Amino acid sequence: MDQIKIIAIVLSAILGLCVGSFLNVVIYRLPNGMNLAKPASHCPKCNNPIKWYDNIPVFSYLILGGKCRHCKEHISIRYTIVELLNALLWVGTVLMFWSRNIPYTITMCITCSVLICIFFIDLEHMIIPDSLQLCLLACAIAMIFTEWDPDNTWKIKLYGLLVLGGLSVILHYGSMIVFKKEALGGGDVKLLAICGLLLGLTNSILALVLACVVASIVLLVIKAIKKYKSDKEYPFAPFIVFGVIIALFFGYYLIQGYLEIIR
């Protein structure tokens, strides 16, 4: 491994943690209609400002024992998970794509960060802010011009938008007509359409299949432990994000491997 790539990996890990800390601000403030810049970071319980040395990604959480320095209230582990997850995805992106296409690598890092925000916001609030949808759309358009896979052309990506977007629209309105309720929310419809453009036709179908399979398994587990409520709505975007990330990193290899098997 050359020295430049090693430096890129180290920098991606550090920057990934720092950006992950900002993502926590987005996840907390955006769905609550708060300004992302003001006020400065503070404890949501006692409102005391958080000093810089208490705001170091991961390390501050460990040093403070997961509690606020002032009021001793518990700090959600989600903050550390987001920071580590973002750093992990950034490092993985550099490892897989840096030597092939640097602009694509940078776009992928931004895309992963946006997907993390969508994952946790929908998980906690069951909404997908339009601002994040637009950010993801911008990433999808950028990937058209930076795509590393020569087989995943702009036409294939447009087919992905039309097919995945069309299927989600049919499911959304079809369920309202037949069952008188939404099987797929409006935010999910927009997210799937954008992901179709982001991934292209084959990878987007792979992502949708993975999302549906994992969602089914999770709901079966919830039902098995007797906490399943048939009338309760469960967020689907986290499963979409999971499928999209797997398709982004491994879709090409999974599809090629499948084609080799059926041949």
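The model shown is predicted, which means the values in this text are computed figures rather than measured ones. All values below were derived from every heavy atom in this structure, side-chain atoms included, with hydrogens, water molecules and symmetry-related copies excluded.
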Got a list of side-chain donor-acceptor pairs under 3.5 Å for residues 139-146, not counting sequence neighbours?
{"residue": "T146", "atom": "OG1", "partner": "A142", "partner atom": "O", "Å": "3.1"}

Would you indicate whether W148, at its atom CH2, is surrounded by more than 12 heavy atoms from other residues, nucleotides or ligands within a distance under 6.0 Å?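 Yes, enclosed.
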L259 CG: over 12 foreign heavy atoms closer than 6.0 Å: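 Yes.
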List the atom pairs, with distances to 0.1 Å, where a side-chain N or O of residues 246-257 and a protein N or O form a donor-acceptor pair under 3.5 Å, not counting sequence neighbours.
{"residue": "Y253", "atom": "OH", "partner": "R100", "partner atom": "NH1", "Å": "2.9"}
{"residue": "Y253", "atom": "OH", "partner": "R100", "partner atom": "NH2", "Å": "2.8"}

For L208, the option from V163, V213, L164 that meets side chain to side chain contact (heavy atoms under 4.5 Å, CB included):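 One option only clears the test, and that one is L164.
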I'd like to check [X] versus [Y] (side-chain heavy atoms, cut-off strictly below 4.5 Å). Are they in contact?
X	Y	result
M126	Y234	no
W98	I9	no
C195	L136	yes
C109	L89	no

Determine whether a donor-acceptor pair (N or O, by modelled atom type, separation under 3.5 Å) exists between the side chain of [X] and the backbone of [Y].
X	Y	result
N32	M34	no
E83	P57	no
N24	Y79	yes
T105	F97	yes
N152	L199	yes

According to side-chain hydrogen bond (donor to acceptor under 3.5 Å, both in side chains), who are the partners of [X], at least two apart in sequence or on a separate chain?
X	answer
N101	none
S113	N86, W90
E124	R78

Under the rule for side-chain contact (heavy atoms from CB on, under 4.5 Å), what residues qualify as partners of [X], not counting sequence neighbours?
X	value
I205	L201, V209
F119	L123, P238, V241
T153	K155, I156
P31	I121, H125, I127

Do you know the tightest heavy-atom contact between V26 and L36?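 Closest heavy-atom pair between V26 and L36: CA-CD2, 4.0 Å.
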Heavy-atom pair with the smallest gap, counting every atom of S168 and L192: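 Closest heavy-atom pair between S168 and L192: CB-CD1, 3.7 Å.
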Residues that D130 engages under salt bridge (Lys or Arg N to Asp or Glu O under 4.0 Å), provided they are two or more places apart: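 Checked D130 against salt bridge (Lys or Arg N to Asp or Glu O under 4.0 Å); matches are K190.
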In the hydrophobic clustering that connects Ile, Leu, Val, Met, Phe, Trp and Tyr at side-chain heavy-atom distances below 4.5 Å, which members other than I7 occupy its cluster, ordered by chain and number?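 I7 shares its hydrophobic cluster with L11.
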With sequence neighbours left out, which residue pairs that include part of residues 252-262 fulfil the salt bridge (charged side-chain N to carboxylate O under 4.0 Å, His left out) condition?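 Counting only pairs at least two positions apart or across chains, the salt bridge (charged side-chain N to carboxylate O under 4.0 Å, His left out) contacts touching residues 252-262 are E260-R263.
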